[in-house]
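Accompanying notes for the structure given below.
Since this is a predicted model, take the numbers as computed values, not measurements.
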Amino acid sequence: SIRSTFFYQSLADWIALINQPRVAAQPGVMNAMARSYANADARLWGAELEFSYALIQRFFIAGNLSWVRGQKDIDPARHILSANLGEVPPLSSRIYLRYDSGRIYAEAEGVITGAQNRVDGDLLEAATPGWQILNLRLGAIFRGFRIQAALDNVFDRLYTEHLANARDPFRTGARVYEPGRRFIVTMTYRY
């Protein structure tokens, strides 16, 4: 199966985060700039493609590809200097190869994300490089028990998700890295 979605949104009075000169001095605050808000007209558009295919009985391949673009109107008088919307994700894809008998399953998942080059300079965002990781999962169901084991980020890749400069600690420009290799085991029982 293949399914695609395309969208376009015209957003009147989008609430844009802006940096502006500080109006009043505050004790203990040394910043010359203050974070504020301004309305700007903006647009979002993008596409997503999902697919799945049964290779042979009990073996499936599936995945998705998604892309989003966002722009806002520039208005220097209101301190809106960047046309790019902040925190818009880059091109990304997930591809799964799965064996599923109904009682046991095994899955390999590749996650691929492109570089984030369209950044919001008003939020002091900086480009983020692309990355790729591999995740593995095993699971079994037996007499009401469900046991699942996962090994995420198999090759212990050092990476950060796409931009998030609007909140602490990100607004300082600090990069918060995702966890390295993780092994997770869960067991549930249903009666």
Between Leu44 and Leu11, is any pair of side-chain heavy atoms under 4.5 Å apart?
yes

Would you say Tyr53 has more than 12 foreign heavy atoms packed within less than 6.0 Å of its OH?
no

Considering non-hydrogen atoms only, spot the tightest contact between Ala127 and Asn117 and give its length.
CB-OD1, 3.9 Å

When every non-hydrogen atom of Asp120 is compared with those of Gly86, the smallest separation belongs to OD2-N, 3.5 Å

Charged N to carboxylate O below 4.0 Å: is that the case for Arg43 and Asp73?
yes

With a 4.5 Å heavy-atom cut-off, do Leu151 and Arg181 have their side chains touching?
yes

Between Gln148 (side chain) and Arg137 (backbone), is there a donor-acceptor pair under 3.5 Å?
no

Gln132 side chain to Arg157 side chain, donor-acceptor N/O pair below 3.5 angstrom:
yes

For a quick test of reading the model, state the closest non-hydrogen atom pair linking Leu136 to Ala108 and the distance between them.
CD2-CB, 3.8 Å

Spacing of Asp152 atom CG and Arg182 atom CZ [to the nearest 0.5 Å]:
4.5 Å

Working to the nearest 0.5 angstrom, can you tell me the gap between Arg146 CZ and Tyr189 OH?
14.5 Å

Would you say Leu55 and Phe51 are hydrophobically clustered, going by side-chain heavy atoms of ILVMFWY under 4.5 Å?
yes

Establish whether Ile141 and Tyr191 are linked, either directly or via other cluster members, by ILVMFWY side-chain heavy-atom contacts under 4.5 Å.
no

Ile2 and Phe6: same hydrophobic cluster, using ILVMFWY side-chain contacts below 4.5 Å?
no

Applying side-chain contact (heavy atoms from CB on, under 4.5 Å), run through Glu161 and Tyr177 and close with a yes or a no.
CA-CA 7 Å; Glu161 284 283 355; Tyr177 289 90; over 6 Å; no

I'd like to know if the side chain of Asp122 reaches the main chain of Ser82, judged simply by a donor and an acceptor atom lying under 3.5 Å from each other, with no hydrogens or angles considered.
yes

In Å, rounded to the nearest 0.5 Å, how long is the span from CD of Glu48 to CG of Leu65?
8.5 Å

Would you say Trp131 and Val111 make side-chain contact, with heavy atoms under 4.5 Å?
yes

Using the ring pair (Phe, Tyr, Trp, His ring centres under 6.0 Å) rule, collect all pairs that involve residues 96-130, keeping only residues at least two apart or in two chains.
Phe59-Tyr99

Phe155 side, atom CZ; Leu134 side, atom CG - distance, nearest 0.5 Å:
5.5 Å

Could you state the interatomic distance from OG1 (Thr113) to CG (Leu91), rounded to the nearest 0.5 Å?
8.0 Å

Quick check: is Val154 connected to Ile133 through a chain of hydrophobic side chains (ILVMFWY, heavy atoms under 4.5 Å apart)?
no

Contacts of Asp13 that satisfy side-chain contact (heavy atoms from CB on, under 4.5 Å) - sequence neighbours left out:
Asn39, Asp41

Looking only at non-hydrogen atoms, find the nearest pair between Ala38 and Ile18 and report the distance.
CB-CD1, 3.9 Å

Strictly distance-based, threshold 3.5 Å: is any side-chain N or O of Asp75 a donor or acceptor partner for the main-chain N or O of Ile80?
no

Count I, L, V, M, F, W, Y as connected when their side-chain heavy atoms are under 4.5 Å apart, and connections chain through other members. Are Trp14 and Leu17 then in the same cluster?
no

Just verifying a value: how many Å separate Leu49 CG and Asn64 CG, rounded to the nearest 0.5 Å?
8.5 Å

Would you say Asn135's side chain and Asn153's backbone share a donor-acceptor pair under 3.5 angstrom?
yes

Under 3.5 Å, is there a donor-acceptor pair between the side chain of Arg69 and the main chain of Trp45?
no

Here the pair of heavy atoms bringing Pro76 nearest to Leu81 is CA-CD2, 3.7 Å

Let's go through Arg58 and Ile104 carefully: what are the C-alpha distance in whole Å and the side-chain angles of both, what is the deciding distance for side-chain contact (heavy atoms from CB on, under 4.5 Å) to 0.1 Å, and is it a yes or a no?
CA-CA 10 Å; Arg58 298 183 179 163; Ile104 62 170; over 6 Å; no

Which atoms form the tightest heavy-atom contact between Gly70 and Val88, and what is the distance?
N-CG1, 4.3 Å

Quick check: are there more than 12 heavy atoms from other residues, nucleotides or ligands sitting under 6.0 Å from CZ of Arg118?
no

Applying side-chain contact (heavy atoms from CB on, under 4.5 Å), run through Leu85 and Lys72 and close with a yes or a no.
CA-CA 6 Å; Leu85 287 181; Lys72 62 183 181 283; 3.7 Å; yes

